[in-house]
There are 2 protein chains.
Amino acid sequence: MTLQLSVDRSSPVPLYFQLSQQLEAAIEHGELTPGSLLGNEIELAGRLGLSRPTVRQAIQSLVDKGLLVRRRGVGTQVVHSQVKRPLELSSLYDDLEAAGQRPETRVLVNTVVPASAEVAAALAVAEGSDVHRVERLRLAHSEPVAYLCNYLPPGLLDLESSQLEATGLYRLMRAAGITLHSARQSVGARAATVVEAERLGEPEGAPLLTMQRTTFDDTGRAVEFGTHTYRASRYSFEFQLLVRP
Amino acid sequence: MTLQLSVDRSSPVPLYFQLSQQLEAAIEHGELTPGSLLGNEIELAGRLGLSRPTVRQAIQSLVDKGLLVRRRGVGTQVVHSQVKRPLELSSLYDDLEAAGQRPETRVLVNTVVPASAEVAAALAVAEGSDVHRVERLRLAHSEPVAYLCNYLPPGLLDLESSQLEATGLYRLMRAAGITLHSARQSVGARAATVVEAERLGEPEGAPLLTMQRTTFDDTGRAVEFGTHTYRASRYSFEFQLLVRP
DNA sequence: GTCAATGGTTTGTCCGGACAATCGAACTTC
DNA sequence: GAAGTTCGATTGTCCGGACAAACCATTGAC
C-alpha cells in the first residue's frame, strides 16, 4: 500500500519539515518497514505537488538523523531498525524522566563564590570573580543517583532553589532564552572519597562514574561548567552515535 | 582583508565541498576569527562565480559541524572557538594515536566460539551459532590501558592476529568494505575483579571505566559487539557534542 | 526619555530545470 | 558458462530566480 502523505501549504510550518515529520512518524509506526525503498524523489515530489529540492531537504534531514540511507542508482531505504536517537545534550533530569524514573532534586548549596582557577578557565572569567555555585543531589525512587556541582557565570540567570528542585538546569537555561550550542565532556571513573561515599550512600572506595562538562551557547560563551559524580551501581550513560559520512 | 577563496571547476570534487574545506581550513588557521561575519551569501556566491544554493550547501555543512552559526538578518558567524570535533565513532586505537601516544596491541584470544545469549542478542544471530571472538590488551607507552573483548558475526571479515596488532578493528572493517553507520554505547564504571585487575596491572577493586558497544553498518546489520574495560587511572572519554537545533 | 513604527539587510524556504555519476540488471560476446 | 557491455533508473550536483521571515538600527511619536 502506498503511504498517505500530504502537506498543508497554508501552514507556517515549512513544507520540507512537514514532510520529514510525516516520514519519521511513518517509520516510527512501522508503516515504512526497515529496508523498504522510499520511492524515487521525482515521483514523490510530483505526488505531493512539491519540487524535488523540497523533497530532498526533507529526506536529507532524516538521513542526518540516521533513519534513512540513500544509494545512488538504487533509492532511499529505511535503515534496519536498531536506530533510536543519537546522542543529545540532555540533562540527567530529562534522562531520568524519560526513563520513567521520577527524578527528585535536593539543592544542597546555591550561592555565589569567587571562581577557582579551574572554574575561571572553564568559564573564561577572571579568577576570583563572582560565579554561581549550585550543588545538588539527584535522586530516583528516593535513592541518590548523582551529586551535581555546577558553576554559572554571573548575570545569566536567576537561580532559585525552588525552581532547581522542580526541574533540570538545562530547562531553566533554555527558558531564560539561552540557546545551547555545544558541550565538551569528559567521562571517567574513580573511587569514592569518604565525603562522596557518604553523600551518595555508597561505601568508601566504591567506583563512581564521573563527568565534567562545559556547555557553550551559540556565541561561543561558556554558560555552564559542571562536575558530576554518579553511583556506578545505579547509573550508566546510554547513547547512540552516528558516523558522519 | 578579504579571504582568498577559489574553486576549480575542472576538479571532480564537488564545488560546495571545495568551498567548505577552504572555509574550514581558514577557520582552523585563524584567518577567519571567531565571531567574525562571513559576508552575505549572495555576495560570496558572486565573488566565487557560484550560485547561492551551492554556497549555502557549503556553509550548511560547516553549521552541521558546529563551526558556523547563521542568524537571519545578521549573517553567518564563526563560532567562538572552543569547538574542536564532535563525537565520532572512533576506535581507541585512533584516539591514542591522535593523542600522540603510541598504541600497542596484544592479541590474547582470536578464535571462533558459539554465541552466548548476550552476544547472540546483540549481533542478531542464533544463540550457539559461530561468532568470532577477539580479546586484546591495548597499551600506551608500554602500560596497559584497556582490555577489549569483541565479537563479530561470521563471514564478515578475515581476522588475522598480525593485522589486529598493527592497527585498530574499525580500520580493518572499513578496509574490508564495511560502511559503519551507527553504534549503541553504554558507559559505566565498576570495581575490578581479581582477573581484571591482574590483566590491567591495577589492584583488586580498583575503579574501572566500562564500555559496551554494538556497531551497525548502513543496512542495519550488527557488525560488532564489544565489551571494554579501561583503567580509570589512565583513561577517560573526551568528546564534544552538538545540540541539534 | 521611552516606546513604537519603519526600512534595509540577511538568511530561510521554495520552485523548475539541467546534466553527471553511480548502481543493478539485462544483454551480448567469447 | 563466464566475463564484459550496455542501458535504464535513481540520486548527486548545480544553476538562477522569487518571495517570506527575522533581525537591527534608525526614525518618529508621545
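Every value quoted in this text rests on a predicted model; they were computed, and no experiment measured them. Heavy atoms only: backbone and side chains are in, while hydrogens, waters and symmetry mates are out. All chains are named by letter (A, B, ...) in the order of the sequence lines, taking the proteins before the strands, and each is independently numbered beginning at 1.
- Looking at B/Arg70, B/Arg72, B/Arg47 one by one, the single match for salt bridge (charged side-chain N to carboxylate O under 4.0 Å, His left out) with B/Glu41 turns out to be B/Arg70.
- Between the CG atom of A/Leu37 and the P atom of C/dC23 there is a distance of 16 Å, rounded to whole Å.
- For B/Gly39 and A/Val13, each mapped to the nucleotide of DNA chain C holding its nearest heavy atom, the one lying further toward the 5' end belongs to B/Gly39.
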Result block: side-chain N/O donor-acceptor pairs under 3.5 angstrom for residues 5-15 of chain A, not counting sequence neighbours:
from	atom 1	to	atom 2	distance (Å)
A/Asp8	OD1	A/Ser10	N	2.9
A/Asp8	OD1	A/Ser10	OG	2.7
A/Asp8	OD2	A/Ser10	OG	3.4
A/Arg9	NH1	A/Gly49	O	3.2
A/Ser11	OG	A/Val13	N	2.9

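- Annotation for A/Leu242 and B/Ser182: closest pair CD2-CB, 3.6 Å, computed over non-hydrogen atoms.
- Taking a 4.0 Å limit (strictly below) on heavy-atom distances, residues 68-76 of chain B reaches DNA chain D at B/Arg72, B/Gly73, B/Val74.
- When rounded to the nearest whole Å, the span between CZ of B/Arg52 and P of C/dG12 equals 8 Å.
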Quick test: give all pairs of protein nitrogen or oxygen and nucleotides 26-28 of chain C nitrogen or oxygen below 3.5 Å, distance rounded to 0.1 Å.
none

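- Reading DNA chain D from its 5' end, the first and the last nucleotide to sit under 4.0 Å from a heavy atom of chain A are D/dA9 to D/dT13.
- In summary, the side chains of A/Gln60 and A/Tyr16 do not present any donor paired with an acceptor at a separation below 3.5 Å, with no hydrogens or angles considered.
- Between B/Leu19 and B/Thr54, the closest side-chain pair of non-hydrogen atoms is not below 4.5 Å.
- Contact between B/Ser161 and B/Asn110 at its shortest, heavy atoms only, is OG-ND2, 3.1 Å.
- For the helix from C/dG1-D/dC30 to C/dC30-D/dG1, the rotation axes defined at the first and last 5 base pairs enclose an angle of 10°, given to the nearest 10°.
- Across all non-hydrogen atoms, the minimal contact from A/Ile59 to A/Thr76 is CG2-CG2, 4.0 Å.
- Within the 4.5 Å cutoff, side-chain heavy atoms of A/Leu169 are placed close to those of A/Leu164.
- Within 4.0 Å of B/Pro53, counting heavy atoms only, lies at least one base atom of the nucleic acid.
- Between B/Thr215 and B/Tyr170 there is a side-chain heavy-atom pair separated by less than 4.5 Å.
- In this structure, B/Glu224 contributes its side chain and B/Leu152 its backbone to no donor-acceptor pair below 3.5 Å.
- A donor-acceptor contact closer than 3.5 angstrom links the side chains of B/Ser186 and A/Glu238.
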What side-chain donor-acceptor pairs closer than 3.5 Å can you find for residues 114-129 of chain B, not counting sequence neighbours?
from	atom 1	to	atom 2	distance (Å)
B/Ser116	OG	B/Val119	N	3.3
B/Glu118	OE2	B/Gln212	NE2	3.3
B/Ser129	OG	B/Ala126	O	2.7

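- Both B/Gln60 and A/Thr54 sit near DNA chain C, but only B/Gln60 has its closest nucleotide nearer the 5' end.
- Counting heavy atoms from C-beta outward, B/Arg138 and B/His228 have side chains that stay 4.5 Å or more apart.
- In this structure, B/Glu41 atom CD and C/dG12 atom P are separated by 6 Å, rounded to whole Å.
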